[in-house]
Amino acid sequence: MNLFSEIRVAVIDALTAMQAEGKLPEGLDFKNVAVEPPRDALHGDMATNAAMVLAKPAKMKPRDIAEVLAVRLAEDARVDVAEVAGPGFLNLRLAPVLWQGVVKAALDGGQDFGRSTMGGNKKVNVEYVSANPTGPLHVGHTRGAVFGDALASLLDFVGFDVTREYYINDGGGQVDVLARSVYLRYLEAHGQEVAFPDGTYPGDYLIETGKALKEKVGTAYIDQPEDVWLQDVRLFATDAMMELIRADLKSLGVVMDKFYSEKSLYGTGRIEAAIAELDAKGLIYEGVLEPPKGKKPEDWEPREQTLFKSTEHGDDVDRPVKKSDGAWTYFAPDIAYHYDKVDRGFDMLIDVFGADHGGYVKRMKAAVSALSDGKVPLDIKLTQLVKLFKNGEPFKMSKRAGTFVTLRDVVDQVGPDVTRFVMLTRKNDAPLDFDFDKVLEQSKDNPVFYVQYAHARVCSVIRNAESAGITADDATLAAADLSKLDHAAEIAVARKLAEWPRLVEIAGRTNEPHRIAFFLYELAGELHALYYKGNEDTSLRFVQEGDADTSQAKIALARAVAVVISAGLGILGVTPAQEMR
RNA sequence: GGCCCCUUAGCUCAACUGGAUAGAGCAGCUGACUUCUAAUCAGCAGGUUGAGGGUUCGAGUCCUUCAGGGGUCGCCA
C-alpha cells in the first residue's frame, strides 16, 4: 500500500473528470504529475504539482487549474483540506483515518510492508565483489560487497527477480603470480629459505596454502621446472583463495547465487563466439590506435591490433580485444561474460566496480549495448574509496608492505551489522570515512546505534506493557482501535511511516540503497521524539496505566515503526537489536 | 592533454532525479534526568550550494565555460 500513489490516482481521476467537463483540454500527458510529501510539513500532508506541469500544454494559468482541481479533490472523503499555494501547488491535508490505516497496513504487512511489484518480476543480474582470487578481501572490497548485496536485496524488495553473481578473474596473469607465490611458500614449508622477488605476493596468508600444497603433493614439485607444476598449483591456489573469499563474504553475511569463472571462457569457444557476434555487426576490425592524447608514453609504438568499434556505442576511442601478440586482452573475456549474461535472459544488468575501474565503464556499456542491440540496459555503480581512521588518525594500507586491512579485520573488530550499516550511510560514489572508534560509539553521532536504539526502545516498551498486564502481541496490536491515534505528534510518526513504500521504490529505481539507511535514521528520530514528548505530556506515553485499549493503539504505532526499521535493516542486511547494553 | 566522479553551514553529510523559505548530525550556546532505558529530547545560532553564463513558471539538481580535489588512459587485471 502506497498512500502517495493512491492519492495520485485520485488526482488523475479528478483531472480526467475535468477534461470530461471541458474544464481542461483533451490529450494531456499526465505522466509528470507527481504527488509528494511537501518539503515543509506546514504546507500539508501531500502536495501535487499537477497545475504547474499542465499549465503550459493546456495553455492555462496554473492557479486556475489548481482552483478547479482543489474543489474536486475536497469532495473526496480522504481529503480534509485542499488549498492552492505559491505558484500553483495544491496542498492536501488528509483525514486522520488514512494515517491510522498506514499503521494498520504496517502491522498487517509486517516485514513485507512496502514491498513493491514495481520490478514486474524482471530478471536482473547484480555482479559485485568480483575480486581477483589472489588473497583475502580488503576494506575496498568490503564496501562493494555490502553495497552490491544491499542493492540486490533492495531490488528483490521492489519486485525484481535478482541473481547475485561473482565473476572470478582466474584467467589472467595474476593467477600465475599467485601460483608462483604459493610455490615459494610450498618450498618454505619444506624447510627451504625463500625470498619473494618483485612480482610475487609476499602476504602471510599464503603460508597455510603452501603447507596445504605440501600435504597434498609431498615432495613431488621440489626442484621441478615450472611447466611441471604451474597448471596444478594455479588450480590448487585459486580454489584455496576462493574458499578464503567465500568465508570472508560469509562473515559479512554475503551469499552469492553464482560464481562465474573467467577461465571457463577460455578454450571453450565462448570468447570467439562473443567476438564473432560483434564482428557480424561490423564492429570488429584490425587497426592501429592513436597514442593517448597529450601524454605520449615513451615506449609508444604503433601496433596493429584487433579492435572493437566501441565508439559506435558511445565510447571515446575504440578498444583492443587482442594484444599485439594475438592473445586476448582482459576486455575480451569480459565481453564474453556479459554476452553470456545477456544470453541467460537477464532484462537488466548491474555491475558494481571499485572507483579505479571508472575508465572501464563506457567500453563495457558499449559492449553490452552492441551485444543486446540496445535492449538490455547495463548500469555500472562505482564505489568510492573507504578512508580508515583509528583514534581520529587516518591509517594507510599498503598492499606491497603487506599491511593492508582485510575485510576480516574490520568485521572482527566491529561486527557485520555495524560494518554493513556504516558502509551504506554514504552514496556509493562519494568517499567514505570509516572510524573504528566512532562506529562503535553509543551516541546520536553514530547512526547505527541511533537506529538500533529506536528498535530496541520499542521492544522495551512492549516488554514493559506486558509486565504491566497489557497484551501487546502483534495480533492484538493489529486489531487495536487505531482511531485513538489522533494527536498531531502521533500523526507525524504515521506520516513518516507512509513514506516508506514510496521511498523504497525511489531507492529501487535509482539503485541507491543508502536512501534506506537515511530514511531509517529519520524514522528513528521521529520515534525518539515522540517518546520524549511523553515526558512532558503523559497522555502521549505508549503505556497508559489501566487503559489497555488506548495503550494498544499507541503501542501499535510504536510497533509499526519497529516493523519498518526491521524491514529496512533487513534490506541492508543488518540484524535489528532487541535491547541495547 | 582526453574521459569519469566529486565540490552544499566551522566539520561529516542529506536534499524524494526540476519544486515552495536548501535540511540533519557533530562542534558552539540555552534548557530538560528518583524516566514507558537522558545511550535521549526541546530550542538558538550557523549558507552567494566552488565561480561565471545559459535553459524555464521554477535550478544544488539540466546545458556550457572556468577553478580546485580524486580516479583512469594500448600489449595489467
Side-chain angles (χ1 to χ4, degrees), chain A residues 4 32 34 36-40 43 47 49 52-53 55-56 61-62 85-89 91 132 134 169 171-175 262 288-297 299-303 305 307 315-317 319-320 322-327 329-331 333-334 354-362 382 384-385 425-427 429-431 433 438 441-447 449-450 453 456-457 460-465 468 499 502-503 505-507 509-510 514-515 518-519 521-522 525 528-529 531-536 538 541-545 551 554-555 558 579-581:
Chain A
F4 291 89
N32 287 330
E36 303 172 321
R39 199 173 269 188
D40 189 337
H43 291 137
N49 60 356
M52 283 181 295
V53 172
K56 201 167 195 178
K61 287 180 188 163
F89 281 100
N91 292 326
N132 291 344
T134 53
N169 291 128
Q174 82 281 5
V175 188
E262 177 193 357
V288 180
L289 280 177
E290 294 289 312
K293 282 169 190 159
K295 194 186 76 183
K296 192 168 176 175
D299 58 348
W300 175 267
E301 286 175 44
R303 298 259 168 92
Q305 292 173 284
L307 301 171
D315 203 355
D316 309 305
V317 288
R319 306 290 178 175
K322 273 188 184 176
K323 303 173 193 172
S324 51
D325 67 0
T329 60
Y330 173 76
F331 187 36
D334 230 351
D356 55 343
H357 283 64
Y360 209 65
V361 170
K362 281 191 176 182
L382 301 177
Q384 273 290 347
L385 234 59
T425 51
R426 289 286 173 274
K427 253 183 307 208
D429 54 8
D433 289 349
K438 219 167 199 176
E441 203 173 281
Q442 302 202 331
S443 74
K444 191 171 186 179
D445 194 18
N446 180 1
F449 171 78
Y450 191 72
Y453 185 39
R457 178 164 259 175
S460 168
V461 164
I462 290 174
R463 283 193 297 269
N464 279 320
E499 287 179 30
R502 180 169 176 275
L503 179 111
E505 292 197 348
I506 291 165
R509 214 170 13 246
T510 53
H514 77 276
R515 290 176 190 271
F518 279 100
F519 176 83
Y521 184 76
E522 289 167 12
H528 289 309
Y531 182 95
Y532 271 89
K533 287 201 174 96
N535 282 344
E536 287 152 23
T538 53
R541 296 190 170 198
F542 296 117
V543 178
Q544 299 288 319
E545 294 284 338
S551 297
K554 290 176 187 297
I555 296 168
E579 56 183 330
M580 306 302 291
R581 296 210 169 270

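Just so it is clear: chains get the letters A, B, ... in the order the sequence lines come, proteins before strands, and each one is counted from 1.
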**OP:** Return the minimal non-hydrogen interatomic distance between A:Asn169 and A:Val175, and the atom names on each side.
**Re:** O-CG2, 3.7 Å
Original post:
Would one find a side-chain N or O of A:Asn464 under 4.0 angstrom from OP1 or OP2 of B:rU37?
Top reply: yes
Subject >> side-chain N/O A:Lys362 vs B:rC3 OP1/OP2, d < 4.0 Å >> reply: no
Original post:
Has A:Arg319 got its NZ or CZ under 6.0 Å from the middle of the six-membered ring of A:Phe331, at an angle within 45 degrees of the ring axis?
Top reply: no
**OP:** Check whether any side-chain N or O of A:Thr510 sits under 4.0 Å from OP1 or OP2 of B:rU17, and answer yes or no.
**Re:** no
Original post:
Counting side-chain heavy atoms from CB outward, which of B:rA14, B:rA77, B:rA24 is closest to A:Asn169?
Top reply: B:rA77
**OP:** Identify the heavy atoms of A:Gly88 and A:Pro62 that sit nearest to each other, and give their distance.
**Re:** CA-CB, 4.5 Å
**OP:** With the side chain of A:Gln305 defined as its heavy atoms from C-beta on, choose the nearest nucleotide among B:rU37, B:rC75, B:rG19.
**Re:** B:rC75
Subject >> Contact under 4.0 Å: A:Lys427 side-chain N or O vs B:rA15 OP1/OP2 >> reply: yes
Original post:
Looking at the side chain of A:Asp433, which of B:rC13, B:rU17, B:rC41 is the nearest nucleotide?
Top reply: B:rC13
Original post:
With a non-hydrogen cut-off below 4.0 angstrom, is A:Pro37 in contact with a base, only sugar-phosphate, or nothing?
Top reply: base
Subject >> Side chain A:Arg426 and base B:rC13 donor-acceptor under 3.5 Å >> reply: no
Subject >> Minimum-distance nucleotide (side-chain atoms of A:Ala529 versus B:rG71, B:rA20, B:rC41) >> reply: B:rC41
Subject >> Nucleotide nearest A:Asp429 (side chain, heavy atoms from C-beta), chosen from B:rA15, B:rU12, B:rC5 >> reply: B:rC5
Original post:
With a non-hydrogen cut-off below 4.0 angstrom, is A:Lys56 in contact with a base, only sugar-phosphate, or nothing?
Top reply: sugar-phosphate
Original post:
Just checking A:Glu505: base, sugar-phosphate only, or nothing, at a heavy-atom cut-off of under 4.0 Å?
Top reply: nothing
Original post:
Does B:rU48 sit syn or anti, given that only angles within 90° of 0 count as syn?
Top reply: anti
Original post:
Under 4.0 Å between a side-chain N or O of A:Tyr521 and OP1 or OP2 of B:rG23?
Top reply: no
Original post:
If pairing requires Watson-Crick or G-U wobble contacts with both distances under 3.5 Å, which nucleotide is the partner of B:rU40?
Top reply: B:rA32
Subject >> Base B:rA77 to side chain A:Asp334, donor-acceptor N/O within 3.5 Å cut-off >> reply: no
Subject >> Distance below 4.0 Å between A:His528 side-chain N/O and B:rU37 OP1 or OP2 >> reply: no
